[in-house]
Amino acid sequence: MDFNDTPEEARFREEASSWLAKNAPTDDAFRTLSPLEQAKVWQKRKYDAGWACIGWAPEFGGRGASAIEEVIWRQEESQYDLPANFFLIGQGMIGPTLMAWASDEDKARFLPPLASGEEVWCQLFSEPAGGSDLAALRTRAERDGDDWVINGQKIWTSGAHYSDYGVIVVRTDPTVPKHKGLSYFYVDMKAPGVEIKPIKQLTGDSDFNEVYFTDVRVSDSQRLGEVGQGWQVSLTTLMNERAAIGGSFGQMDVSLAVSVAEEVEINGRPALEDAAVRARIANWYVQEAGLKYTGYRSLTALSRGALPGPENSIGKLVGAPKMQAMSSYLMDLLGASGAIADESLAAKAGIIQRAYMGAPGLRIAGGTDEIMANIIAERVLGLPQEPRLDKGIPFNEVPTG
Amino acid sequence: MDFNDTPEEARFREEASSWLAKNAPTDDAFRTLSPLEQAKVWQKRKYDAGWACIGWAPEFGGRGASAIEEVIWRQEESQYDLPANFFLIGQGMIGPTLMAWASDEDKARFLPPLASGEEVWCQLFSEPAGGSDLAALRTRAERDGDDWVINGQKIWTSGAHYSDYGVIVVRTDPTVPKHKGLSYFYVDMKAPGVEIKPIKQLTGDSDFNEVYFTDVRVSDSQRLGEVGQGWQVSLTTLMNERAAIGGSFGQMDVSLAVSVAEEVEINGRPALEDAAVRARIANWYVQEAGLKYTGYRSLTALSRGALPGPENSIGKLVGAPKMQAMSSYLMDLLGASGAIADESLAAKAGIIQRAYMGAPGLRIAGGTDEIMANIIAERVLGLPQEPRLDKGIPFNEVPTG
Amino acid sequence: MNFEFSDEQQLLREQARGFLTEYCPASVVRAVLDGDQDWDAALWQKVADMGWTATVIPEAYGGLGLSYYELAIIAEEMGRSAAPLPFSSSVYLASEAIQRFGTEAQKSAWLPRLASGECVATVAMAEGAGRLALGRLETCRSGSQLSGTKVPVADASIAEVAVVLARSEAGLEACLVPLQQAGISMEPVITLDTSRGHSVITFDGAQAEVLGHAALDPVDWESLLDGAAVLLAWEQLGLAETALTQARDYALQRFAFGRAIGSYQAIKHKLANMYVKNTLARSNAYYGVWALAEGSDELPLAAATARVAAIQASTYAAEENIQTHGGMGFTWEFDCHFYLRRAKLLSLAIGSEAMWQDRLVSALAAHSAAA
Amino acid sequence: MNFEFSDEQQLLREQARGFLTEYCPASVVRAVLDGDQDWDAALWQKVADMGWTATVIPEAYGGLGLSYYELAIIAEEMGRSAAPLPFSSSVYLASEAIQRFGTEAQKSAWLPRLASGECVATVAMAEGAGRLALGRLETCRSGSQLSGTKVPVADASIAEVAVVLARSEAGLEACLVPLQQAGISMEPVITLDTSRGHSVITFDGAQAEVLGHAALDPVDWESLLDGAAVLLAWEQLGLAETALTQARDYALQRFAFGRAIGSYQAIKHKLANMYVKNTLARSNAYYGVWALAEGSDELPLAAATARVAAIQASTYAAEENIQTHGGMGFTWEFDCHFYLRRAKLLSLAIGSEAMWQDRLVSALAAHSAAA
């Protein structure tokens, strides 16, 4: 065991880091751009030099890099404070779906501008009535000549308002069982009838949107997969979501807890000397280190050619509740001041409180705690699914409460 | 709110306590008897004076006392160190079942000696394949003229080896759905074909038995309820079990934790000064006091004529895991000595360890944690049952793995 | 054995619940949370008209002279509706401090106006991050002048007067400080629950008078906090009950995979856990209010037990109510977050869980030693 | 990045697992648990023949001179089978102490015999209830005579020699004490896991020699414990994996209400929790063995992290495995209780969870300060 790169990995890391050192924008002019503009400028610069979507085939703008090279690149790029999230869904989840299911013309048309950041994509799967039961979606598409007409509502769509295109799963046949009546399209987000409304979260932020479709026409050529095959196509997208998730719950790590406990006093002594505080910190560190080294083990497997599996679900299942418990406890350590949200008055309280209010969302987004535990139980441990009352029943006859 | 008796209750308590003061056996001769003999002697003395099964009607040996009077009697009697458990199942659960379902002759024949302790009864419901799914029992009874012939195996039967009679639920029709093919009998535990084997628990004790039935003949007159009505009859028994459970998880209360933490040191100071220890003790006390005062609230309701409900399930659901967590932690406080089972070497370690090894059983007996949580969710909060794959299906077609 | 509220008290509960259902639905909370106001002044007036601010103030001072049992009932209902009112500051803390420690003149001056609700008062204790140490306060009185900074102070922007915990040469003191005066500057402080206003107050030679005749025995201040802990426990219990009810209702109505999510064991057992914690909190709150109302020497133990149980029940119920609602629970539009904000805010007031666990064990050890 | 055992090491694991599956099935554990013996002497001989007792002992002293990676692999497999052997006492603790602290003569005298397995050794630390305080030991050496009482001492009845932690005028010392001698009386102590023998040892002027040339720096003893903590963590992980496997297999096979109990979320999520804890424990055990094998200065942090994670995983898995089995799990006849006994026993050895949490935070704070 060692934490070092293989010689090939080290060579690749060196190449990446020296390119980054020369090309990562740090100038003031760049910083005056909006975050989205910054992201687009930086993405285009990477694309032009062959550093965008490096795992993709060269004809789509990548360089056919290995999974471990992608990890190394991310590690190196993350040394710089550069916006990246805008393209995560499009490049991480939708790109692979287009590669697997789109026509050659569509691949040639859409993948390069997706890689270069010139076109942004979003994903339109979730619906108000769906939630954990993703396939229970109700947005309908009805055939009209060479077109389909879409009506319904999507929700939790990140980036809908700045996206050029979106992928959408819709119900094309409500009279067959749930998973069998779906089809998958891409849509122009600027098309008539598409209406985007931001959702205000309980944190006060708006990271997501509701997207309403009213008689939105899409051509049948925008369909990916066969009619009725929408669920299989969306699984391609979702599998790549799972690969994208995991690990990154470090926005509030134990070092923050240690520093708060060093500053705050209990009975005239630093809280870090209090045995109850120490027990908590120890337990969080066990979780944090455990996830970190689980990540190292996955990385090792990845570098040997393995695919990321469902066991990565533990990152979120452990990380999100830890963030909630830790932020709650640190607020307690701050006492009445823990309630202060104003970072100018109480710097750490503000950060901690953002974490506390954000944690419930992290425990839900991309699969609730309960779904994550199901995934581990079923796909890792091989336990049986629950009995499914909606199995084999026409969608329009499934009980909906 | 006050913790005092009403004048009537106080009068009753005074009557009970003065009878007890005069009649509770404390002599050495009594103490030389076996526990079962002691219990029988004492029960007969109470019976003769009208203090046995006081809630029962006078014709069966009781005095028609109210529920709160029964509680008061138990409180007063428990001041004395007298064996009582031998009759709990018979008098607490089977007596009421006989009252509700037996013929007048049988009531007259069996209830008075049950009340007087001259005859001991046990309950034969659980089976190896049953567990939480009690009604999935497989012991069969087949009609043969005026008799039934019983074959099968029961398990977890307390007191089978010293019981005179037992009540048993058996399957009389495996071709109808699970709950509909059962019938309920009483059996002579000394009858030919009844074989009793003690079960050794992981604690090393043997509180329960397996009971094997091989061609055991019972007369049809020993049936309670109609053929096929066994489940309803057994519900009468089980409802009275629930009423009997609850509350008594105090065999290891927080005062033990406090005294261990006072004696043991951490870094040269009593462990009771350690903040982590204090947080644990506080949490256990919250549970303990919460259960205690929940009991007081139930008692108040009882004294106003209410019936005990499913909310009493919380006693075991909180108490058993608390006993496990607390005993585990106290072993930790004792350090390596926490592993010592020998009470002569380490008095408290022995008690604590017995609790630790016994707790898993407490979390199972009378309904696992999971069943208790289901009861609260379904019967208190009104949440729906899970879908039942065995519903409406002939018992002999239900999947059994 | 009579461990239950009286029929009259139960009637008061029904009345209070009916009143708040009508006048303090979630929309009222939302309006304050979303808006610029620190409270709902009209609702305060109505509550005062009901006599709730007067509940335990003696009749001699314009109060109703009722017991803490009645106040606990009102507190639970206040919590149930997450009322955007300075009730805990003014009633459980400031009025109690004046009643317990004030001179006759101070009581006569303030209690009738507090009872009628025309005056709102608050208590200023915290001086920034960390567990409050009564022996190390930095706010000082010298002569009639008070100096120091208190942050955060709940409901200060709407209070006419504050009871300020301070030190002087005589030791620990509670000072009575009118808040509209030259020596005071006050800035709003945004907290996680903007349906209750909070401020930072800087006293720079502010005019102050000592509450009562002399310095405070810290034990007496802790006894005041014990009382407030019991009443806050009832309020938190009300919050926890609302969160459980919301979660249950949603679990019955929301379907996934063809059945109500409330039929899945993961959700069932989550709600059963809420019920268990709420039940323990309720029974311990009974114990607490019994000790408070009867003046029992078990109050320190009972108050700490009620407080710890209520903190645990209310934060768990509020957090898991959001999880039960899934993505919807994480929106601003749904009400679930009100209860999370308030539950955590109240858990941080007057000392957090760990401090009360510590006090609980101290009381328990004292109790065992005495027994 | 190569955070995995080598192919050769994986081969060793397969070999060890195969060996123990064959020679240490549950019936072997049961025989010792039920019987009068304190170990399975025949199994010990086989294990010694495999060279496992010699794993990290240098070749110069008759060992195999392999790394802690190999020993960790064997430890996990030992845990997986709950082997009734004095492996942890003799290999992780006593052999290590002699190797680290012994004089050349002591090493030459004992290590070859420990490597070959013909001699079993143990370490005697605890002196009764409470957390061991190195600064307050009551066992004392004066000249060549040792006096005091150690209880409990694991595997003492089968050990030829003990490393006894004691004090003298020089300070903290590890003394080498042959156990068959006049100045020693030994009584068996029944513990919760009788598949491992324990004793109380009274030293009354027993002949003892100091291990090494001088008094011990407490830091060096703690470093020894860090190493043992890592190896015990692997053993506990093995126990936890067996408990999870048993629970999973039973959940697939046991039906209730017409379906496997493993299809109920309550059981699924219980097993998922086991899996999560086991995974965290495994990854932290990797971290621990890396730090131990590479001699990293992160060892104190890595060892404490591995130990705490392993305690949590193994006790949870062992406890909940019984719950998953229901009533059957509570019988003597089923094997579930072996893993509960052993998991708790190992969690109490060399300092319990709270002590290691404390050490973890000390190491973390030192680490942060250094960074």
Side-chain angles (χ1 to χ4, degrees), chain A residues 1-6 9 68 71-72 254-255 257-259 261-262 270 272-273 275 277-283 285-304 311 313-314 317-318 369-370 372-378 380-387, chain D residues 1-6 9 69 244 247-248 251-252 258-265 267-277 279-290 293-294 301-302 304-309 312-313 353-354 356-365 368 371:
Chain A
M1 289 184 196
D2 65 68
F3 292 127
N4 300 321
D5 291 330
T6 64
E9 289 164 1
I68 191 75
V71 169
I72 291 170
V254 168
S255 61
V258 172
S259 77
E262 278 170 340
L272 191 59
E273 295 179 10
V277 174
R278 293 171 84 81
R280 300 277 188 138
I281 288 178
N283 290 344
Y285 187 77
V286 162
Q287 295 183 318
E288 192 168 295
L291 289 185
K292 175 175 163 190
Y293 297 111
T294 301
Y296 285 7
R297 289 169 55 216
S298 299
L299 223 53
T300 301
L302 209 60
S303 79
R304 297 176 180 186
E311 60 277 9
S313 306
I314 84 160
L317 184 55
V318 172
D369 291 354
E370 290 77 18
M372 290 313 194
N374 278 353
I375 289 172
I376 288 173
E378 293 170 13
V380 181
L381 299 177
L383 295 172
Q385 282 202 334
E386 303 235 17
Chain D
M1 171 64 61
N2 170 20
F3 202 55
E4 193 46 89
F5 291 102
S6 71
Q9 288 159 352
Y69 294 121
L244 171 54
R248 191 192 78 118
L252 285 171
R259 53 179 169 123
I261 62 169
S263 70
Y264 290 92
Q265 282 187 336
I267 299 293
K268 286 166 102 148
H269 292 186
K270 188 193 286 295
L271 299 194
N273 285 341
M274 285 190 206
Y275 174 81
V276 167
K277 285 179 198 285
T279 300
L280 297 177
R282 178 172 298 280
S283 297
N284 283 319
Y286 270 65
Y287 174 37
V289 72
W290 169 83
E294 308 296 337
L301 179 58
T305 305
R307 169 86 175 149
V308 172
Q312 293 175 348
E353 185 183 6
W356 287 95
Q357 286 170 325
D358 190 60
R359 288 176 69 137
L360 189 160
V361 177
S362 297
L364 189 62
S368 317

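Proteins come first, then strands; the chains are lettered A, B, ... in the order of their sequence lines, and each starts at number 1.
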Verify side-chain contact (heavy atoms from CB on, under 4.5 Å) between Y296(A) and Y286(D), making sure each step is shown before the conclusion.
CA-CA 10 Å; Y296(A) 285 7; Y286(D) 270 65; over 6 Å; no
In terms of heavy-atom proximity below 4.5 Å to chain A, should Y275(D) be classed as side chain, backbone, both, or neither?
side chain
Does R304(A) reach the side chain of N2(D), with side-chain heavy atoms less than 4.5 Å apart?
yes
Counting only heavy atoms closer than 4.5 Å, note whether V71(A) contacts chain D via side chain, backbone, both or neither.
neither
Tell me whether K292(A) contacts the main-chain N or O of N284(D) through its side chain, where contact means a donor paired with an acceptor under 3.5 Å.
no
If you define the side chain from C-beta out and look only at heavy atoms, does anything of S263(D) sit under 4.5 Å from Q385(A)?
no
With rounding to the nearest 0.5 Å, note down the distance linking CD in E294(D) to CE in M1(A).
9.0 Å
Just say parallel, tilted or perpendicular for the rings of Y293(A) and Y287(D), cut-offs at 30° and 60°.
parallel
Evaluate the criterion side-chain contact (heavy atoms from CB on, under 4.5 Å) for residue pair S283(D) and R297(A); output intermediate values, then yes/no.
CA-CA 8 Å; S283(D) 297; R297(A) 289 169 55 216; 2.8 Å; yes
Residue L271(D) versus chain A: region with a heavy atom under 4.5 Å:
both
For D5(A), is it the side chain, the backbone, both, or neither that has a heavy atom closer than 4.5 Å to a heavy atom of chain D?
both
Looking only at side-chain N and O atoms, does S362(D) offer a donor or acceptor that is under 3.5 Å from a partner on R278(A)?
yes
Using only atom types and a distance under 3.5 Å, with no angle test, would you say the side chain of R248(D) pairs donor to acceptor with the backbone of L383(A)?
no
Listed partners of R359(D) passing salt bridge (Lys or Arg N to Asp or Glu O under 4.0 Å), at least two apart:
D226(D)
V277(A) versus chain D, the contacting section by heavy-atom distance below 4.5 Å
neither
Taken in chain and number order and not counting sequence neighbours, the residues that satisfy side-chain contact (heavy atoms from CB on, under 4.5 Å) with Q9(D) are F5(D), S6(D), S67(D), Y69(D), E70(D), I73(D)
Please find the pair of heavy atoms, one from A272(D) and one from A377(A), that lie closest to each other, and give the distance.
CB-N, 4.4 Å
Output the option from P387(A), A275(A), S303(A) having the highest count of non-hydrogen pairs under 4.5 Å with chain D.
P387(A)
Over all heavy atoms of both residues, which pair between V361(D) and A282(A) is shortest? Give the atoms and the distance, please.
CG2-N, 3.9 Å
Does either side chain, that of H269(D) or that of D369(A), offer a donor lying less than 3.5 Å from an acceptor on the other one?
no
Single hit among V286(A), N283(A), I281(A) for side chain to side chain contact (heavy atoms under 4.5 Å, CB included) with L360(D)
V286(A)
Top contributor to chain D contacts, counting heavy-atom pairs under 4.5 Å, from R280(A), Q287(A), E370(A):
E370(A)
With a 4.5 angstrom heavy-atom cut-off, which part of A354(D) approaches chain A: side chain, backbone, both or neither?
neither
Is there a side-chain contact (heavy atoms from CB on, under 4.5 Å) between Y285(A) and T305(D)? Walk through the geometry before answering.
CA-CA 7 Å; Y285(A) 187 77; T305(D) 305; 3.3 Å; yes
On a heavy-atom basis, which atom in E386(A) and which in K268(D) lie closest, and how many Å separate them?
N-NZ, 3.6 Å
How long is the span from the OG1 atom in T279(D) to the CG atom in L317(A), to the nearest 0.5 Å?
10.5 Å
Looking at every heavy atom in both P384(A) and A260(D), which two are closest together, and how far apart are they?
CG-CB, 4.2 Å
Out of S298(A), A301(A), A279(A), which one racks up the most heavy-atom pairs below 4.5 Å with chain D?
A279(A)
